[in-house]
Amino acid sequence: MPLAAHAHASSRLGFNLGARRSTSSSSSSRATRGEVGTSRAGRARRAGRATTTRAAVAGDETDAEARMREAMQMEFDANIPVEASTMRQTFPLAAVIGQEKIKSALLLGGVDPTLGGIAISGRRGTAKSIMARGLHALLPPIECVKDSFCNADPTQPSEWEEGLAGKASRDANGDVETIIRDAPFVQVPLGVTEDRLIGTVDIEESMKQGKTIFQPGLLAQAHRGILYVDEINLLDDGVSNLLLSVLAEGENVVEREGITLRHPCKPLLIATFNPEEGNLREHLLDRIAVTLSADQMLTFEDRVEAVNQAMGFQNSAEQSVQSVEEATEGIKTSIILAREWLEDCTITKEQVEYLVREAVRGRIQGHRAELFAVKAAKALAALDGRSKVNADDLKEAVRLVIVPRSDILDSPPDDQPDDDEMPPPPPPPPQDNAEDEDKDENEEEEEDTEEEEDDIPDIPEEFIFDAEGVILDKDVTQFAQQTNRQGGRSGRSKNIIFSNDRGRYIKPVLPKGNTIRLAVDATLRAAAPYQKARRERDPNAEKKKVYVEKGDMRAKKLARKAGALVIFLVDASGSMALNRMNAAKGAALSILESSYKSRDMVSIVPFRGDEAEVLLPPSRSIAMARSRLDQMACGGGSPLAHGLSVAARVGLNAMSTGDVGRVMIVCLTDGRANVSIEKSNGNPEFWGPDAKKATQEELNQEVADMAARIGGAGMSVLVIDTENKFLSSGTAEELAKNAQGKYYYLPNGTEREIAAATASAMMDAQN
């Protein structure tokens with residue numbers, strides 16, 4: 001492949017590979033070996049030719065002999081068929097307009113699949129999935145052991161799955177038979193179960209052979225390829241945790257349903273998600289090496305070019321691929337060469353210390369950031385054809401790995417720039433013999449530099465973060481604001497309800513008591529290995545097709561989405577009742593209008609006179625809410641304790657149905673009660689002319705006790721103080737403290753302000 005093609009391809013991806021060595025004989029030897037790919041070592045050994053290292057090339061054989069030997073090897077490799085993947089034609093990565101940082105990160109993953117994974121966030125239509133699939137077309141084929149179910153590498157027998165060494169087919173020379181296939185690309189669907197992900201019992205084969213036979217899962221299929229997870233933020237928490245744990249260990253250990261085995265699992269993880277549908281959990285973000293945002297503004301010309309590229313691919317995919325074939329081939333060759341360089345790439349202790357200092361300045365917890373940054377820096381050096389990491393590699397690794405993880409503070413103001421940041425322009429050079437003098441000086445400097453290059457580690461002169469965690473580079477600041485994650489977990493786990501009767505089937509479990517929903521698949525897997533023995537024990541002449549015993553029974557564990565119930569507990573007594581009721585009406589209707597997707601329900605409980613009542617039962621109906629709210633009366637006493645009691649009863653009843661995941665009580669009150677809960681409950685001692693009257697201290701204690709019970713029941717409380725005085729008396733704030741809830745002082749709060757406060761409290765409750 002001409003060097004021009006390399007440079008053309010690298011320029012499309014934001015890399016400058018033009019500096020790659022091209023004239024030395026060792027470069028030619030590396031390129032030849034690289035084009036052979038990762039499968040050459042096994043085939044060379046099988047053909048009786050030992051794999052020659054660079055040291056051997058320099059010592060025992062001449063360079064010409066090495067090139068001739070490897071040329072013969074390439075001719076031998078060309079005649080071996082490659083098992084093609086079943087993926088359809090994908091949009092080429094070289095044709096994607098913009099997104100240079102993401103394409104650079106993907107290319108690093110292609111060079112070093114153990115990088116740690118790449119996560120791409122972005123709104124709809126930002127080419128996230130296109131770029132992930134485009135990388136797959138650039139990966140070289142892999143050589144696998146023929147009888148392996150997880151693409152085992154023939155050159156790494158220590159990583160083979162259990163039992164492969166004994167059952168692997170061998171040729172006449174005793175070498176393991178191998179096949180060449182495209183690198184796998186496996187997509188994990190959102191509804192994937194643990195059985196499908198890690199593997200389970202093969203029912204058909206187990207019934208035939210009378211013993212437990214393992215059926216590989218998606219993790220086994222993705223080994224040494226790409227594991228793609230779209231919308232990873234919507235993936236089940238248990239599945240995502242299991243997935244990242246296996247990828248971190250590089251090995252999948254299966255111990256279930258009579259199976260105990262392990263197999264390697266080292267794919268490149270590429271995950272995409274839309275932040276508008278929920279943020280990714282901090283736990284997951286920390287375990288993924290590079291997290292970038294695709295929400296970057298394109299220029300008008302780039303947007304036009306992107307539309308033309310997309311339309312061209314839709315009209316003629318083959319012609320569109322051919323238009324960037326030269327760039328694509330250059331990138332493929334660059335990846336192959338970089339994998340060869342990566343084996344010898346080194347990083348000094350001082351360079352590692354620089355990365356650690358950047359992580360400390362960025363206030364990053366843990367050590368994963370530094371470990372991922374070291375791998376990224378080495379991959380960058382290998383991609384540029386170097387065996388040593390330099391300062392540019394370190395700075396780029398910080399931008400890709402450390403900056404998105406940092407707690408970014410505001411940058412210094414622009415109106416007070418430092419003198420060091422904006423130096424005056426240098427004077428123009430003289431026009432006479434300056435060029436010749438500069439050449440002589442540059443040659444002398446290059447000679448001195450080459451002598452000292454091996455001794456002095458190449459480290460950036462400046463840090464990207466200052467001592468206070470502020471990003472100094474304005475370009476990096478803009479990039480960080482686009483990529484830095486917002487918030488923590490999406491709160492998905494609290495929006496899921498597990499049961500045995502309703503919902504989506506997620507996994508089989510051993511039944512407790514009567515089996516309500518039988519997991520047929522898991523039951524058959526448990527019974528499959530014993531079919532042969534049970535059939536032989538059956539004394540009847542007419543045999544059953546399947547023998548299932550009680551011990552084989554498995555039940556379905558089901559999960560379904562559950563929204564929240566927002567109970568507006570409104571003080572409808574006194575002169576401010578009408579304003580409070582109107583604000584509560586508007587806030588309730590506002591939440592109902594936006595609750596369709598989140599499955600939230602609203603209930604309104606006003607308290608006035610001697611008791612509280614449920615004006616609007618838990619409902620999602622806007623029409624029903626409007627008609628009920630128009631019937632609300634105002635005025636009278638303030639039975640606050642009874643209102644809290646009724647609201648708590650509504651919340652507990654809703655939670656017992658299994659349709660509500662969490663309950664929030666929004667209490668609009670000044671916190672002052674003047675009606676005892678005993679009177680509200682109809683206690684005769686508190687009625688009549690000689691009725692007992694509770695003191696203010698007793699009334700406050702009733703409210704405090706009821707608030708504490710609500711907090712202990714797991715319901716969230718938001719108290720909006722409506723006391724219209726210069727300073728609040730603090731009774732409403734005390735109510736919020738007793739309920740372990742939140743407190744806002746909004747004496748004249750509008751419906752918009754109340755709805756915003758409620759939404760904020762609900763978001764905090766999710767986290």
Side-chain angles (χ1 to χ4, degrees), residues 1 3 5-20 31 34-35 37-38 90-120 127-140 183 185 224-228 267-272 288-294 296 324-343 345 372-386 389-390 392-401 404 479 483:
M1 175 62 60
L3 186 63
H6 293 198
H8 178 67
S10 60
S11 64
R12 297 296 298 270
L13 290 180
F15 284 95
N16 181 16
L17 300 182
R20 189 187 302 278
E35 291 171 358
T38 58
T90 58
F91 192 86
L93 186 63
V96 175
I97 305 300
Q99 308 292 359
E100 302 301 330
K101 290 291 183 183
I102 295 178
K103 291 189 288 187
S104 300
L106 291 174
L107 200 54
L108 295 183
V111 172
D112 185 7
T114 65
L115 180 66
I118 301 168
I120 307 173
K128 303 185 297 294
S129 301
I130 288 177
M131 289 186 286
R133 291 183 171 88
L135 176 65
H136 174 254
L138 303 176
L139 299 182
F185 183 93
R224 301 176 65 195
I226 293 178
L227 185 66
Y228 176 56
L268 171 65
L269 173 66
I270 302 179
T272 58
I288 298 177
V290 181
T291 304
L292 301 176
S293 173
Q296 300 178 9
V324 292
E325 183 177 5
E326 183 180 5
T328 300
E329 291 300 324
I331 300 170
K332 287 182 178 180
T333 306
S334 300
I335 291 177
I336 296 174
L337 291 169
R339 288 187 174 185
E340 290 287 319
W341 282 104
L342 186 63
E343 298 177 0
C345 192
F372 291 147
V374 168
K375 288 189 175 183
K378 294 174 68 174
L380 285 163
L383 194 60
D384 200 28
R386 290 178 281 102
V389 174
N390 63 17
D392 292 336
D393 301 330
L394 297 176
K395 293 172 68 175
E396 187 67 17
V398 172
R399 292 188 180 99
L400 292 176
V401 179
F479 166 71
T483 59

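Between Leu139 and Gly110, the closest heavy-atom pair is CD2-CA, 3.8 Å. In terms of heavy-atom proximity, Pro404 sits nearest to Val398 at CD-O, 4.5 Å. The minimum heavy-atom distance linking Ala137 with Thr90 is given by the pair CB-OG1, 4.3 Å. Scanning all heavy atoms of the two residues, the minimum distance from Ala105 to Leu292 falls at CB-CD1, 3.8 Å. Nearest heavy atom pair, residue Ala94 against residue Ala327, reads CB-CB, 4.1 Å. Across all non-hydrogen atoms, the minimal contact from Ala373 to Ala397 is O-CB, 3.5 Å.
Qualifying side-chain contact (heavy atoms from CB on, under 4.5 Å) partners for Ala132, counting only residues two or more places apart in sequence or in other chains: Tyr228, Ile270.
Under the 3.5 Å distance criterion, the side-chain polar atoms of Lys378 are left unmatched by any main-chain donor or acceptor of Asp112. A donor-acceptor pair under 3.5 Å is absent between the side-chain atoms of Arg224 and the main chain of Pro113, judged by distance alone. Looking at Asp384, its side chain never comes within 3.5 Å of a backbone N or O of Arg386 through a donor-acceptor pair. No donor-acceptor distance shorter than 3.5 angstrom exists from the side chain of Lys128 to the backbone of Ala271, with no hydrogens or angles considered.
Residues in residues 91-112 take part in these ring-ring contact (aromatic ring centres under 6.0 Å, His included) pairs, two or more places apart or across chains: Phe91-Phe313.
Remark: Lys101 engages Glu396 in a salt bridge, criterion side-chain N to carboxylate O under 4.0 Å.
For the atom pair NZ of Lys103 and CD1 of Ile97, the computed distance is 6.5 Å after rounding to the nearest 0.5 Å. To the nearest 0.5 angstrom, Glu329 atom CD is 11.0 Å from Ser334 atom OG. The CG atom of Leu268 sits 5.0 Å away from atom CD1 of Ile118, with the distance rounded to the nearest 0.5 Å. Atoms CG and CD1, from Leu135 and Ile130 in turn, are 14.0 Å apart once rounded to the nearest 0.5 Å. A distance of 10.5 Å separates CG in Leu380 from CG in Leu342, rounded to the nearest 0.5 Å. Residue Ile335 holds its CD1 atom at 4.5 Å from CG of Leu107, rounded to the nearest 0.5 Å.
Annotation: side chain of Leu108 is in contact with side chain of Leu400 (closest heavy-atom distance under 4.5 Å).
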Task: Full working for side chain to side chain contact (heavy atoms under 4.5 Å, CB included) between Thr328 and Leu138 - done: CA-CA 7 Å; Thr328 300; Leu138 303 176; 3.5 Å; yes
